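Would you mind keeping the following structure in view while I ask a few things?
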Amino acid sequence: MRSTTPRPVVVALAALAALVLAGCTSGPARGAPEGADPPAGTPTGPRADVLRVLAGSELRDVEPLLEGVAERTGVRVELEYTGTLEGTQLVADGGAGDHAATWFPSGDYLALLDGGRAAVARSRDVMSDPVALGVAHDAAADLGWLGRSPTWVEVVDAAEDGRLRYGMTSPVSSNSGFATLVGAATALSGTGTVLTEQDVAAVAPQLRRMALGQQLTAGSTGFLVDRFTADPGRVDALFGYESVLRRLRAGGEPLVVLTPSDGTVTAEYPLTLLRSADEEEARAYDAVVADLLSDPVQRQLAGTGRRTRTGGPAGAEGVYELPFPNRLATVRALLSAFQSEIKKPSDVVFAIDTSGSMDGERLVQLQAALTALAVPDGGAGGAAGDGLLTFQPRENVHYVEFADAVKSRGTLAVDPADRAGSLARIRGWAASLRARGGTAIHDSLRVAYEEALAVAEADPGRFVSVTLFTDGENTDGGSPADFRAWYGEQAAAGRPIGSVPTFVVVFGEADPAQMAEVAALTGGEAFTAGGQDLADVFEEIRGYQ
């Protein structure tokens with residue numbers, strides 16, 4: 001069950017001995033050599049014993065190593081996870097709260113944002129992880145890519161003609177997807193320089209050809225890996241971080257991990273001290289950085305599959321580094337083009353509970369959340385600018401409104417020639433919702449799936465998903481077991497039901513266990529609204545569609 005509020009992951013101090021020793025030592029001198037080992041057997045840290053860090057979720061595998069950092073320095077590192085692009089925007093807007101530092105895969109985007117540079121006191125790169133292409137061994141052999149890296153043009157050609165079916169995360173919500181898009185666009189532009197807005201327009205047709213091969217999308221690296229692991233045969237390849245791809249297998253063999261020969265973008269994992277940090281937090285930061293850059297810890301970090309000064313994954317090839325865009329307008333143009341014209345079009349089927357328990361404030365919140373997704377130049381935004389998570393041209397919005405039975409259903413297409421009018425009709429639908437009746441979750445979800453399957457069977461090239469919203473327990477109609485049985489029957493009949501995930505919004509008194517079961521069965525995820533603005537939940541789900 002996923003919460004929209006990032007939860008802190010506390011890396012504990014080893015024991016009382018570390019605390020006692022930490023109180024008897026002072027911090028290291030600033031400017032210590034990068035490769036200097038911390039003195040053996042004694043902590044090097046300041047009296048402050050905590051460093052709160054806003055971090056990318058990709059760092060979960062580093063958590064165990066931070067226990068050793070605490071032992072040696074006396075500083076407990078608290079990682080609070082958030083999406084990289086979302087967290088970067090938060091820092092630039094001055095909303096980092098009590099976090100003294102950030103540890104995202106990249107600091108390049110922060111430097112482009114208003115307030116970004118001013119928010120940073122200092123920063124040190126800790127390790128690196130290039131964005132790569134992991135290909136199933138048999139597919140790599142068929143493509144002639146064993147023992148050599150393809151160019152981006154070869155990737156585009158293979159994707160367009162159906163020889164390469166791949167998955168990647170959404171560039172709007174995930175840094176690995178964003179870096180993949182930047183790398184592809186920069187290399188395909190052929191200019192050999194930093195990408196510009198003019199380059200985006202010129203390279204868009206090639207990116208559209210490449211997008212034809214994308215069969216799997218996700219809002220985060222973790223979700224992409226989960227879906228691939230559950231069904232490795234669905235795609236031939238994944239774009240993602242090298243360290244992640246090297247842990248995956250398909251057909252019983254490790255993926256063949258390749259970096260395009262004409263370049264890629266590398267995550268440098270800068271640990272960044274925010275200017276809002278106080279003196280004690282700054283000393284804690286310096287101690288942690290010195291420890292992370294020491295040779296023993298660099299070797300440990302290399303063991304996670306990332307590249308460090310002391311080594312990297314066995315057999316890793318050299319990387320030609322492509323430049324990051326140097327203007328925010330270019331980033332926005334690239335993401336806007338991806339959302340509106342490059343990526344495959346999608347169909348979203350909303351199964352919306354408007355039972356009697358939704359009356360009042362709950363219905364108002366639901367209507368506001370749906371309306372925010374249908375505002376042309378505002379509302380649902382994202383780290384790169386307003387409007388990127390709103391409904392896009394070529395999308396179809398289907399709805400199944402239910403209580404103790406289906407109350408209404410229909411389809412609202414987003415017409416590229418009249419997007420404003422299309423979005424106005426979606427807002428009108430949201431405003432028309434009224435609360436009354438009981439709650440037939442599973443029967444209504446089945447109706448939503450019939451709608452989704454009709455689309456998937458008619459046009460296999462579209463991304464299709466279901467978003468289930470409910471605020472209560474199932475009181476009418478079929479049971480969870482009935483839905484499971486029906487779902488299994490559709491799969492056994494060869495219908496493409498496994499390609500349609502359900503993203504569940506758990507709200508009010510909805511049963512979290514039942515909703516998590518629906519998400520797990522369908523290859524989706526459950527999102528707990530909790531005390532968050534419901535619009536934030538719907539925006540996060542949009543990153544998965």
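Every value quoted in this text rests on a predicted model; they were computed, and no experiment measured them. Scope of the values below: all heavy atoms of this structure, side chains included, with no hydrogens, waters or symmetry mates.
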Query raised in the report: Do any N or O atoms from the side chain of Thr354 and from the backbone of Leu433 form a donor-acceptor pair under 3.5 angstrom?
Result: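 No, Thr354 side chain to Leu433 backbone: no donor-acceptor pair under 3.5 Å.
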
Report task. State which residues pass ring-ring contact (aromatic ring centres under 6.0 Å, His included) with Tyr241; sequence neighbours excluded, sorted by chain then number. Result ->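 Per chain and number, Tyr241 pairs via ring-ring contact (aromatic ring centres under 6.0 Å, His included) with no residue.
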
**Report entry** Point-to-point distance, once rounded to the nearest 0.5 Å, from OG of Ser346 to CD of Glu395
**Finding:**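 Here the rounded value is 3.5 Å.
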
Query - Gln365 CD to Leu370 CG distance, which is reported to the nearest 0.5 Å - result: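 Here the rounded value is 12.0 Å.
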
Report task. Carefully, step by step, assess Asp353 and Phe402 under the rule side-chain contact (heavy atoms from CB on, under 4.5 Å). Result -> CA-CA 5 Å; Asp353 175 1; Phe402 69 90; 3.5 Å; yes

Query raised in the report: Which residue pairs pass the salt bridge (charged side-chain N to carboxylate O under 4.0 Å, His left out) test when at least one of the two sits in residues 400-410, sequence neighbours left out?
Result: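 Counting only pairs at least two positions apart or across chains, the salt bridge (charged side-chain N to carboxylate O under 4.0 Å, His left out) contacts touching residues 400-410 are Glu401-Lys407, Arg409-Glu451.
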
**Report entry** Chi angles and distances behind the side-chain contact (heavy atoms from CB on, under 4.5 Å) call for Ser422, Leu412
**Finding:** CA-CA 7 Å; Ser422 299; Leu412 298 164; over 6 Å; no

Report task. Applying ring-ring contact (aromatic ring centres under 6.0 Å, His included), name anything that partners Phe104, two or more places apart in sequence or on another chain. Result ->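 Partners of Phe104 by the ring-ring contact (aromatic ring centres under 6.0 Å, His included) criterion come out as none, since no residue qualifies.
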
Query - salt bridge (charged side-chain N to carboxylate O under 4.0 Å, His left out) contacts in which one or both residues fall within residues 219-230, not counting sequence neighbours - result: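 As it turns out, there is no salt bridge (charged side-chain N to carboxylate O under 4.0 Å, His left out) pair with a partner in residues 219-230 once direct neighbours are skipped.
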
Query raised in the report: Could you give all pairs that pass the salt bridge (charged side-chain N to carboxylate O under 4.0 Å, His left out) test and reach residues 423-444, with sequence neighbours left out?
Result: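 Sorted pair list: Asp418-Arg425.
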
Query raised in the report: Is there a donor-acceptor pair under 3.5 Å between the side chain of Gln339 and the backbone N or O of Ala337?
Result: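 Here the side-chain-to-backbone pair does not exist.
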
Requested in this report: Can you run down the salt bridge (charged side-chain N to carboxylate O under 4.0 Å, His left out) pairs that involve residues 462-473, sequence neighbours left out, and say none if there aren't any?
Outcome: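 Those involving residues 462-473 are Asp347-Arg462, Arg362-Asp471.
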
Query raised in the report: What pairs of residues pass the ring pair (Phe, Tyr, Trp, His ring centres under 6.0 Å) test when at least one of them lies in residues 411-443, not counting sequence neighbours?
Result: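 Pairs touching residues 411-443 that pass the test: Tyr399-Trp429.
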
Query raised in the report: Which residues satisfy the ring-ring contact (aromatic ring centres under 6.0 Å, His included) test with Trp152, sequence neighbours excluded?
Result: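 Partners of Trp152 under the ring-ring contact (aromatic ring centres under 6.0 Å, His included) test: Phe239.
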
Query raised in the report: Relative to the ring of Phe178, is the ring of Phe324 parallel (under 30°), tilted (30 to 60°) or perpendicular (over 60°)?
Result: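 Perpendicular.
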
Query raised in the report: Got Glu58 and Thr84 here, is their nearest side-chain heavy-atom distance under 4.5 Å?
Result: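 A side-chain contact exists here, since the closest heavy-atom pair is under 4.5 Å.
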
Report task. Using the side chain to side chain donor-acceptor pair (under 3.5 Å) rule, collect all pairs that involve residues 484-494, keeping only residues at least two apart or in two chains. Result ->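 Every side chain to side chain donor-acceptor pair (under 3.5 Å) pair that includes a residue of residues 484-494, provided the two are not neighbours, is Arg484-Glu517, Gln490-Arg495.
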
**Report entry** Note, Val91 side chain near Leu110 side chain (heavy atom, < 4.5 Å)
**Finding:**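 With C-beta onward as the side chain, the pair touches.
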
Please list, one pair per line, the donor and acceptor atoms closer than 3.5 Å that link side chains of residues 203-213 to other protein atoms, with sequence neighbours excluded.
from: Arg208; atom 1: NH1; to: Glu341; atom 2: OE1; distance (Å): 2.8
from: Arg209; atom 1: NE; to: Glu160; atom 2: OE1; distance (Å): 2.9
from: Arg209; atom 1: NE; to: Glu160; atom 2: OE2; distance (Å): 3.3
from: Arg209; atom 1: NH2; to: Asp157; atom 2: OD1; distance (Å): 2.5
from: Arg209; atom 1: NH2; to: Glu160; atom 2: OE1; distance (Å): 3.1

Query - Ser355: which of Thr439, Asp476, Thr475 passes side-chain contact (heavy atoms from CB on, under 4.5 Å) - result: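 That would be Thr439.
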
Query - Any residue meeting ring-ring contact (aromatic ring centres under 6.0 Å, His included) with Phe338, in chain and number order, not counting sequence neighbours - result: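 In terms of ring-ring contact (aromatic ring centres under 6.0 Å, His included), with neighbours along the sequence ignored, Phe338 is linked to no residue.
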
Requested in this report: Using the ring pair (Phe, Tyr, Trp, His ring centres under 6.0 Å) rule, collect all pairs that involve residues 403-426, keeping only residues at least two apart or in two chains.
Outcome: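 Listed by first then second residue: nothing to list.
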
